[in-house]
Amino acid sequence: MKAEQEGDLLEEDSPQENGIIQTSQYSSISPPASPVAQEEPFSTYFEEKVPVPEDVNQIFSFRKLWAFTGPGFLMSIAYLDPGNIESDLQSGAKAGFKLLWVLLGATIIGLLLQRLAARLGVVTGMHLAEVCNRQYPTVPRIILWLMVELAIIGSDMQEVIGCAIALNLLSVGRIPLWAGVLITIVDTFVFLFLDKYGLRKLEAFFGFLITIMAVSFGYEYVLVSPNQGEVLKGMFIPYCEGCGAVQLEQAVGIVGAVIMPHNIYLHSALVKSRQIDRGNKKEVKEANKYYFIESTIALFVSFLINVFVVAVFAEAFYMKTNMQRVQSCNATGSPHTDLFPPDNNTLEVDIYKGGVVLGCFFGPAALYIWAIGILAAGQSSTMTGTYSGQFVMEGFLNLRWSRFARVLLTRSIAITPTLLVAIFQDVQHLTGMNDFLNVLQSMQLPFALIPILTFTSLKSIMNDFANGLAWKISGGGVILMVCAINMYFVVVYVTTLNSVLLYVLAALLSIAYLSFVGYLVWQCLIALGVSCLDFGSRVSNRPAVLIEEQCEYDS
């Protein structure tokens with residue numbers, strides 16, 4: 001009762017003390033870190049709000065679930081981008097079915113992190129980049145923005161090059177890599193303006209692309225017909241018999257490929273597209289429930305598609321040699337025989353070589369259907385990557401640009417290095433670049449995971465929806481584990497460089513990197529309730545109502 005009276009008081013007076021703007025008990029809050037008063041929110045993806053039907057007497061409503069369906073599937077596309085597909089096929093080729101349980105675990109962890117992102121957007125009405133803009137001081141905020149932009153650029157390069165490789169395969173080599181990149185740039189701009197025809201139509205289009213991936217990779221799965229018992233065993237028995245350094249590195253790569261930093265920012269923004277009264281606790285709680293159900297369904301679909309890819313390459317190419325593939329390609333008259341040296345070394349594949357060996361082993365149809373699936377994965381993920389870039393730039397820099405100007409800038413930042421790689425790199429030798437980009441994104445993970453745990457744990461932001469003790473402990477443990485795993489991936493990659501100069505440069509960058517991560521951890525620990533560290537921090541873990549009362553008392 002007291003909480004309700006305090007909420008009513010806040011709705012009537014809408015006080016503003018110390019930069020805290022509180023319009024209702026469960027509405028968005030602007031903490032003290034925001035130096036500039038916010039104007040009316042501008043939109044990119046939200047020019048219309050999807051209405052939610054009223055079903056007050058139902059515990060669960062399929063009509064409401066359908067109304068909330070969309071953002072989770074757009075988010076899930078990041079789990080199906082070409083970087084993930086390449087990680088899947090290498091996992092199958094190098095470890096067989098033995099690492100499917102790692103993929104399952106990484107997807108579950110991803111779901112829990114996406115839940116935090118969705119809750120932040122639903123409860124506050126702001127996405128993660130906007131909250132960072134209000135909470136962190138100027139210098140950390142700019143550094144954070146640059147790190148997230150690096151992650152987006154790295155992901156975008158994988159996605160655009162994946163599209164270019166798919167076009168090269170579909171055209172039997174007639175479309176070179178650089179031309180495929182240019183085509184992807186143009187059609188991405190065209191597709192991005194589909195939301196002018198309605199948000200639901202745009203979401204339906206992304207659903208269509210996911211369906212193409214499911215059908216394409218599902219066809220390969222049925223064609224290869226892997227051992228179902230081995231698939232289930234690899235999925236649910238967390239053990240890797242006979243595995244060594246190669247398989248361990250591949251397991252780390254799976255986690256790094258699945259959990260992507262910019263996707264946390266994206267999902268926290270996408271959930272703003274539904275009509276939710278954030279002054280109504282029941283509506284907020286209901287939105288959180290349906291978004292979690294929708295995200296679970298979406299990530300289950302993405303997990304199945306990833307399993308299709310792992311299983312295909314595990315069944316057909318695990319422990320196979322280059323010589324065996326050369327013989328298969330010669331038998332089918334493939335023009336790509338020169339891709340594989342005629343030796344008995346273990347076969348190494350990437351997205352391009354994977355399509356080629358599928359064509360050699362199962363016929364041309366398998367190659368073209370593989371390429372269609374890769375094209376759908378690359379095209380959909382480049383589009384959601386562009387949305388991520390817009391949300392991040394708008395949130396961190398508070399831009400007030402036209403839609404076209406924002407798309408042009410964010411695409412140019414990511415496309416320029418991609419085009420240079422496409423011009424100077426051979427389509428047949430891109431695996432090393434993919435490994436580097438996976439490392440780059442792994443290093444950016446703390447800059448999404450630490451802030452999302454920080455802000456969803458703050459009562460001054462989340463009110464009654466702040467993380468409880470169980471979520472704080474489990475969330476902190478998951479983030480620590482994910483960051484440790486990915487840092488191991490980075491260390492393994494750096495040790496293969498074999499250059500003293502690069503070692504020194506890596507050491508200097510590591511000092512700066514760890515210092516900034518330490519700053520974010522300090523802020524996070526305060527939000528988690530370690531009050532003894534609260535000296536000079538701009539975050540506060542006191543509820544907004546209590547802060548308001550303290551301000552009135554002080555005055």
Side-chain angles (χ1 to χ4, degrees), residues 17-22 25-34 109 112-141 143-145 147-148 261 264-265 267-268 284 288 395-396 444-484 514-551:
E17 295 284 350
N18 285 348
I20 298 174
I21 303 171
Q22 182 79 17
Q25 189 175 357
Y26 300 102
S27 67
S28 61
I29 300 169
S30 180
S34 178
I109 291 172
L112 298 178
L113 295 172
Q114 299 299 158
R115 175 185 180 272
L116 294 181
R119 284 172 68 87
L120 181 72
V122 169
V123 174
T124 68
M126 299 183 290
H127 57 73
L128 181 55
E130 291 175 313
V131 178
C132 289
N133 182 36
R134 288 156 175 76
Q135 282 284 355
Y136 291 124
T138 302
V139 173
R141 184 167 70 241
I143 295 174
L144 198 59
W145 168 64
M147 293 299 100
V148 178
I264 305 295
Y265 288 86
H267 197 198
S268 67
V284 174
N288 285 329
F396 277 110
Q444 312 312 315
L445 267 174
F447 307 127
L449 304 190
I450 296 175
I452 195 64
L453 180 62
T454 300
F455 300 136
T456 54
S457 299
L458 283 170
K459 280 192 172 292
S460 58
I461 292 178
M462 300 291 289
N463 289 296
D464 290 350
F465 294 96
N467 294 330
L469 181 61
W471 265 100
K472 290 178 181 179
I473 294 174
S474 59
V478 164
I479 289 173
L480 180 62
M481 181 187 70
V482 169
C483 291
L514 293 174
S515 298
F516 185 59
V517 171
Y519 169 81
L520 296 178
V521 169
W522 169 53
Q523 299 277 333
C524 185
L525 289 174
I526 295 171
L528 294 176
V530 186
S531 56
C532 61
L533 297 177
D534 191 3
F535 47 89
S537 172
R538 300 181 72 164
V539 303
S540 173
N541 207 8
R542 291 181 295 170
V545 173
L546 297 181
I547 293 175
E548 177 204 346
E549 290 175 349
Q550 183 65 42
C551 291

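Atoms considered below: every heavy atom in the structure, side chains included; atoms not considered: hydrogens, waters and symmetry mates. If you're wondering where the values come from, they're calculated on a predicted model, not measured in any experiment.
Centroid-to-centroid, the aromatic rings of Tyr265 and Phe447 stay 6.0 Å apart or farther.
The shortest side-chain heavy-atom distance between Ile264 and Leu116 does not fall under the 4.5 Å cut-off. Put simply, the side chain of Tyr136 reaches to within 4.5 Å of the side chain of Tyr519, judged on heavy atoms. Two residues are said to be in side-chain contact when any heavy atoms from C-beta on lie closer than 4.5 Å; Ile143 and Val139 meet this criterion. At least one side-chain heavy atom of Phe455 sits less than 4.5 Å from a side-chain heavy atom of Cys132.
Here the closest heavy-atom approach between residue Ala527 and residue Lys472 is recorded as O-NZ, 4.1 Å. Across Gly395 and His127, no two heavy atoms sit closer than the pair CA-CE1, 3.9 Å. His267 approaches Ala118 most closely through the heavy-atom pair CE1-CB, 3.8 Å. The two residues Val123 and Met462 come nearest to each other via the heavy atoms CG1-O, 3.7 Å.
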Margin query: Please evaluate residues Gln135 and Thr454 with respect to the criterion side chain to side chain contact (heavy atoms under 4.5 Å, CB included), reporting the C-alpha separation (whole Å), side-chain torsions for both, the decisive distance (0.1 Å), and the verdict.
Written below: CA-CA 10 Å; Gln135 282 284 355; Thr454 300; over 6 Å; no

Note to self: Go through it in stages, so that I can follow the logic: the residues are Ile479 and Leu445, the test is side chain to side chain contact (heavy atoms under 4.5 Å, CB included), and I'd like the CA-CA distance, side-chain angles, deciding distance and then a yes or no.
What the structure shows: CA-CA 9 Å; Ile479 289 173; Leu445 267 174; over 6 Å; no

Notebook entry, point to check: Trp471 and Arg115: side chain to side chain contact (heavy atoms under 4.5 Å, CB included), yes or no, with the steps?
Noted result: CA-CA 11 Å; Trp471 265 100; Arg115 175 185 180 272; 2.9 Å; yes

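Qualifying side chain to side chain contact (heavy atoms under 4.5 Å, CB included) partners for Val478, counting only residues two or more places apart in sequence or in other chains: Ile109, Val482. For Trp145, the side-chain hydrogen bond (donor to acceptor under 3.5 Å, both in side chains) criterion is met by Glu149, not counting sequence neighbours. Residues passing the side chain to side chain contact (heavy atoms under 4.5 Å, CB included) test with Ile473, sequence neighbours excluded: Leu469.
Expressed to the nearest 0.5 Å, how far CD1 of Ile450 lies from SG of Cys524 amounts to 6.5 Å. Distance check, rounded to the nearest 0.5 Å: CG of Leu480 to CG of Leu449 gives 11.0 Å. To the nearest 0.5 angstrom, Leu120 atom CG is 13.0 Å from Phe465 atom CZ. Note that CE of Met126 is 9.5 Å distant from CG of Asn133, once rounded to the nearest 0.5 Å.
Not a single donor-acceptor pair under 3.5 Å links the side chain of Gln523 to the backbone N or O of Leu520. Checked by atom type and distance alone, the side chain of Ser268 pairs as donor or acceptor with a backbone atom of Leu128 at under 3.5 Å.
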